[in-house]
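Quick notes on the structure that follows.
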Amino acid sequence: MAKSAKLAEKALTYGAKAAWAVFDKLNSISPNPSFTPKWSDKPLLKSYQKEKPPLGWPRTTDSLCPRCIPEIRQQIVDGKLPHEILLNEKVGEIKAQIIERDGQILMVKDCPIHGHFEDVMSIDPPMMKHLEDVFPGRDIRAHNDEKLHNHGTSTVTHGRGSVLTIDLTNRCNMMCDPCFMDANQVGFVHELTWDEIKTMLDNAITIKPRRQMSVQFSGGEPTLSPYFLDAVAYARKVGYNSVQAATNGIEFAKSKEFAKAAAEAGLRYAYLQFDGIGNAANSHRKVGNSFDVKLQAIHNLHAAGVDIVPVTCIINGINNEQVGRIIEFALDNPKKINFLSFQPVSFTGRDEEVSDERRMAQRYTLSHLAHDVRNQTGLGESTRDWFPISFMSTFSDWADLVHGPDHDWGQLSCGCHPNCGIGMALMIDKETKEAVPVTAFLDAVQLAKDVARINDAARGKFLSIVGVSLALLRNYNPSNAPTHFKIVDLLQKFDKCFGATGRNYGKVTGDRTMADIEKRRADRWNFLFIAGMWFQDLFNYDFRRTEQCIIPYATQEGEISFCAYNTGVGWRNIIEKMHMTATLTKWYEEHGRHEIFAGGKKVGLEKQEKYDLVLNDAHVNSAANDTFEKSGIAKNAREEKIRARDAKIKQDAENAKMAKLYRKEILKEQEQPGFISLGEIKAAPTAPAKTEDKDLVAGD
């Protein structure tokens with residue numbers, strides 16, 4: 001029966017091919033001009049009008065010196081230089097070349113002061129070429145944005161972004177390594193007031209194109225902010241499509257009531273820190289029961305109606321073997337997980353002073369991710385199944401066309417640089433758990449070309465929907481689709497994603513109910529999106545990426561590219577110091593100390609009902625990755641500091657010993673009984689700190 005159904009569908013696709021040939025020929029005659037929608041002062045772009053940055057290689061781009069920038073930033077933070085220097089001068093900027101050498105793509109650059117730097121961008125040149133070839137181009141240039149976009153060469157110039165990030169506080173209840181913001185160790189608290197939060201949310205929707213956005217409350221740990229729930233509710237009220245929290249999950253795991261309150265306020269997604277399967281795989285976070293916390297958080301959040309996105313910072317030699325295990329976890333739990341986000345390590349924050357040896361050993365690129373997925377799960381071909389996240393913007397353009405000129409918001413559009421983020425989609429049968437890459441049964445490259453032709457013709461809603469339906473059918477191969485997947489499922493999935501026909505699949509707007517959530521979850525097919533988002537650091541920084549950032553930070557000084565804020569010139573350090581709430585000492589005096597889980601401390605979890613997650617016991621009970629124990633290379637910034645301290649003590653002792661020998665043998669000085677030289681005092685070994693790193697006491 002199933003075989004005959006597939007044959008019938010195959011015949012339908014042949015019919016669609018013939019119908020498309022006629023439709024496309026007629027549709028291309030006298031195309032309509034693009035309309036200017038309510039949410040933009042500029043018309044929709046046709047595919048051939050979209051700008052592209054220089055791509056391919058060898059190419060030259062603008063970058064930063066990894067040594068100049070920290071020095072300049074510190075002078076600004078210390079008040080020795082005005083921050084306006086970043087608006088008017090190209091401080092620390094140098095040219096960089098992107099080249100191919102020995103089967104890898106590299107960024108190489110030279111600073112006249114600090115010399116030569118190079119780093120790996122890809123270990124798979126054909127994959128990188130594919131990603132750049134299918135990049136559809138940049139979004140509409142940002143306008144009505146002068147008040148928020150004014151950051152010199154770091155200014156965001158294209159689009160409205162997809163996810164607005166707002167750090168509610170720099171306080172955190174963990175002490176992670178790596179950490180973008182060096183949480184708990186900067187000596188002061190930077191925490192937004194309620195008025196500041198509202199202003200940032202209000203300002204963001206004034207920029208055009210006024211696209212439908214998500215907002216992600218982050219930190220630190222955003223749930224520590226006293227305004228967390230209020231911020232979630234306000235964001236939904238003023239029109240943000242989905243509200244997210246980037247969280248370690250501790251507060252949600254500790255209290256199912258808190259998870260329920262967040263859901264009722266409007267929280268739709270929890271971007272959950274998730275480094276691997278089992279407590280050993282998460283041991284580098286230094287929380288004794290970290291994995292148990294994640295599982296309890298997933299249980300509490302899902303029960304409350306919040307969708308969970310496990311977010312994994314991948315570090316070569318630390319947890320790269322967990323890629324396949326995390327995907328298997330999602331495949332085993334398709335009713336709970338429909339999005340995975342892998343984030344290759346960015347050497348910034350606590351890791352900015354990383355040694356070249358450790359950086360080379362731990363560097364992990366998007367191409368590493370694609371290879372690990374293939375090698376560890378058997379899924380995904382790098383040049384067939386992986387696409388830049390921006391690839392979807394062609395389909396967003398189609399949705400904008402279908403929704404018409406009077407729509408209040410533009411469609412969510414991820415128009416980032418092709419080197420920024422990639423994704424692979426799997427179609428999973430929730431009942432049988434069969435999983436197949438979508439691009440194994442759907443020719444995505446040709447489909448995007450077909451949709452671009454429909455967009456360029458700029459017809460009305462009916463013809464645009466007819467055209468895309470034909471394009472989907474003609475590029476569909478039912479023989480490669482999951483066993484029980486049907487053409488009607490394909491069409492409904494597309495419609496559910498872009499809301500073209502107006503059919504009710506369960507509302508996602510601010511007034512959605514638990515019934516809407518359950519209706520959307522009842523879909524038999526889980527469209528699991530596996531994303532890789534690679535944030536820059538000073539060693540691979542490219543200004544062509546920051547200027548079209550889709551995840552800008554909202555701050556008291558405007559909206560800034562994610563990478564320019566956390567890495568790059570490091571606007572975070574500057575702005576947080578400029579708008580410091582209180583010194584750490586003053587904060588503790590007025591508010592007391594919040595609990596911090598570090599040094600193996602466990603989170604106290606209430607005894608709750610057993611969660612129904614499927615786990616692979618072998619993965620749960622496996623040992624931590626011991627690559628760096630065997631290699632002798634320091635595995636994190638903390639270890640590098642300790643080794644540097646110990647090396648200095650040893651060197652000082654050796655210097656004191658040689659000085660003493662010099663005085664005795666060369667100068668013929670007589671040693672005074674009981675006399676200890678200043679050099680010997682400085683070189684005397686000190687007792688090791690009881691914590692793993694003395695800096696930990698700053699937030700204990």
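None of these values were measured; they are calculated from a predicted model. Just the heavy atoms: all of them, side chains too, but no hydrogens, waters or symmetry mates, feed the values below.
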Do any pairs count as a side-chain hydrogen bond (donor to acceptor under 3.5 Å, both in side chains) and have a residue in residues 225-235, sequence neighbours left out, and if so which ones?
-> Asp202-Tyr234
Lys433 side chain to Ile428 backbone, donor-acceptor under 3.5 Å = no
Is a donor on one side and an acceptor on the other found under 3.5 Å between the side chain of Asn316 and the backbone of Gln362?
-> no
Quick check: does any side chain N or O of Gln376 sit under 3.5 Å from a backbone N or O of Gly324, one acting as donor and the other as acceptor?
-> yes
Could you tell me whether the side chain of Asn338 and the main chain of Pro334 form a donor-acceptor pair under 3.5 Å?
-> no
For the residue pair Leu331 and Leu379, establish whether any side-chain heavy-atom pair is separated by less than 4.5 Å.
-> yes
May I ask you to decide if Val614's main-chain N or O and Asn333's side chain share a donor-acceptor pair within less than 3.5 Å?
-> yes
From Tyr553 OH over to Gln216 CD, what is the distance, rounded to the nearest 0.5 angstrom?
-> 8.0 Å
So, does His403 use its side chain to make a donor-acceptor pair with the main chain of Phe498 at under 3.5 Å?
-> yes
Looking at Arg160 and Asp145, does any basic side-chain N land under 4.0 Å from a carboxylate oxygen?
-> no
Correct closest heavy-atom pair for Ser622 and Ala280 would be O-CB, 3.3 Å
Return yes if a side-chain donor-acceptor contact under 3.5 Å exists between His579 and Glu557, otherwise no.
-> yes
Does Val569 reach the side chain of Arg73, with side-chain heavy atoms less than 4.5 Å apart?
-> no
Atom CD in Gln212, atom CG in Asn241: separation rounded to 0.5 Å?
-> 4.0 Å
Please check if any side-chain donor atom of Lys294 sits under 3.5 Å from a side-chain acceptor atom of Gln273, or the reverse.
-> yes
Measure the spacing between CG of Asn319 and SG of Cys313 and express it to the nearest 0.5 Å.
-> 7.0 Å
Can you name the nearest heavy-atom pair linking Leu366 to Pro344, along with the distance?
-> CD2-CG, 4.1 Å
Step by step, work out the side chain to side chain contact (heavy atoms under 4.5 Å, CB included) result for Lys496 and Asp523.
-> CA-CA 10 Å; Lys496 183 179 179 181; Asp523 188 341; 3.3 Å; yes
For the student: nearest non-hydrogen atoms of Ala231 and Leu201, plus distance | O-CD1, 4.2 Å
Test: Lys602 and Asp292 ion pair at under 4.0 Å | no
With a 4.5 Å limit on heavy-atom distance, are the side chains of Ser242 and Val508 in contact?
-> no
Minimum-distance pair of heavy atoms, taken over all atoms of Asp167 and Gly219 | OD1-N, 3.3 Å
Is a side-chain N or O of Thr312 found less than 3.5 angstrom from the main chain of Phe342, in a donor-acceptor match?
-> no
Ala554 to Leu164 - nearest heavy-atom pair and separation | CB-CD1, 3.8 Å
Do Tyr505 and Asp495 have side-chain atoms, one donor and one acceptor, less than 3.5 Å apart?
-> yes
What is the ring orientation for Phe228 with Phe252, classed by angle as parallel under 30°, tilted 30 to 60°, or perpendicular over 60°?
-> perpendicular
Flag side-chain contact, heavy atom, 4.5 Å: Thr199 against Gln556 | no
Measure the CG-CE distance between Leu369 and Met533 for me, rounded to the nearest 0.5 Å.
-> 13.0 Å
In chain order, what residues pass the salt bridge (Lys or Arg N to Asp or Glu O under 4.0 Å) check against Asp489, with sequence neighbours excluded?
-> Lys486
Side chain to side chain contact (heavy atoms under 4.5 Å, CB included) between Phe329 and Ile298, worked out = CA-CA 12 Å; Phe329 172 75; Ile298 291 172; 4.1 Å; yes
So do Lys254 and Ile250 actually touch side chain to side chain, heavy atoms under 4.5 Å?
-> yes
Find out whether Ile422 and Met424 are in side-chain contact, i.e. whether some heavy atom of one side chain is under 4.5 Å from a heavy atom of the other.
-> no
Would you sort out whether His591 and Val189 count as a side chain to side chain contact (heavy atoms under 4.5 Å, CB included), showing the intermediate values?
-> CA-CA 11 Å; His591 302 276; Val189 171; over 6 Å; no
CD1 on Ile327 to OG1 on Thr377, rounded to 0.5 Å | 5.0 Å
Over all heavy atoms of both residues, which pair between Gly415 and Gln548 is shortest? Give the atoms and the distance, please.
-> O-NE2, 3.1 Å
Close side-chain approach of Leu224 and His594, heavy atoms under 4.5 Å = yes
Flag the pair Glu639 / Ile642 as yes when at least one side-chain heavy-atom distance between them is below 4.5 Å, and no otherwise.
-> no
In this structure, CG of Asn526 is separated from CD of Glu431 (nearest 0.5 Å) by 12.5 Å
With no hydrogens and no angle check, is any side-chain donor or acceptor of Ser396 less than 3.5 Å from a backbone partner on Leu412?
-> yes
Donor-acceptor pair, Thr567 side chain versus Gln536 backbone, under 3.5 Å?
-> yes
Backbone N/O of Ser346 and side chain of Asp537: donor-acceptor pair under 3.5 Å = no
Does the side chain to side chain contact (heavy atoms under 4.5 Å, CB included) test come out yes or no for Val323 and Tyr364, once each step is laid out?
-> CA-CA 12 Å; Val323 169; Tyr364 194 88; 3.6 Å; yes
Tell me, with the steps shown, if Arg325 and Glu328 meet salt bridge (Lys or Arg N to Asp or Glu O under 4.0 Å).
-> CA-CA 5 Å; Arg325 298 178 187 185; Glu328 182 181 315; over 6 Å; no
Around Lys260, counting heavy atoms of other residues, nucleotides and ligands shown, do more than 12 lie under 6.0 Å from its NZ?
-> no
Indicate whether any N or O donor in one side chain lies under 3.5 Å from an N or O acceptor in the other, for Glu221 and Asn248.
-> yes
So, are Arg285 and Asp275 salt-bridged, with charged N and O less than 4.0 Å apart?
-> yes
Going by the angle between their ring planes, with limits at 30° and 60°, are Phe529 and Phe339 parallel, tilted or perpendicular?
-> tilted
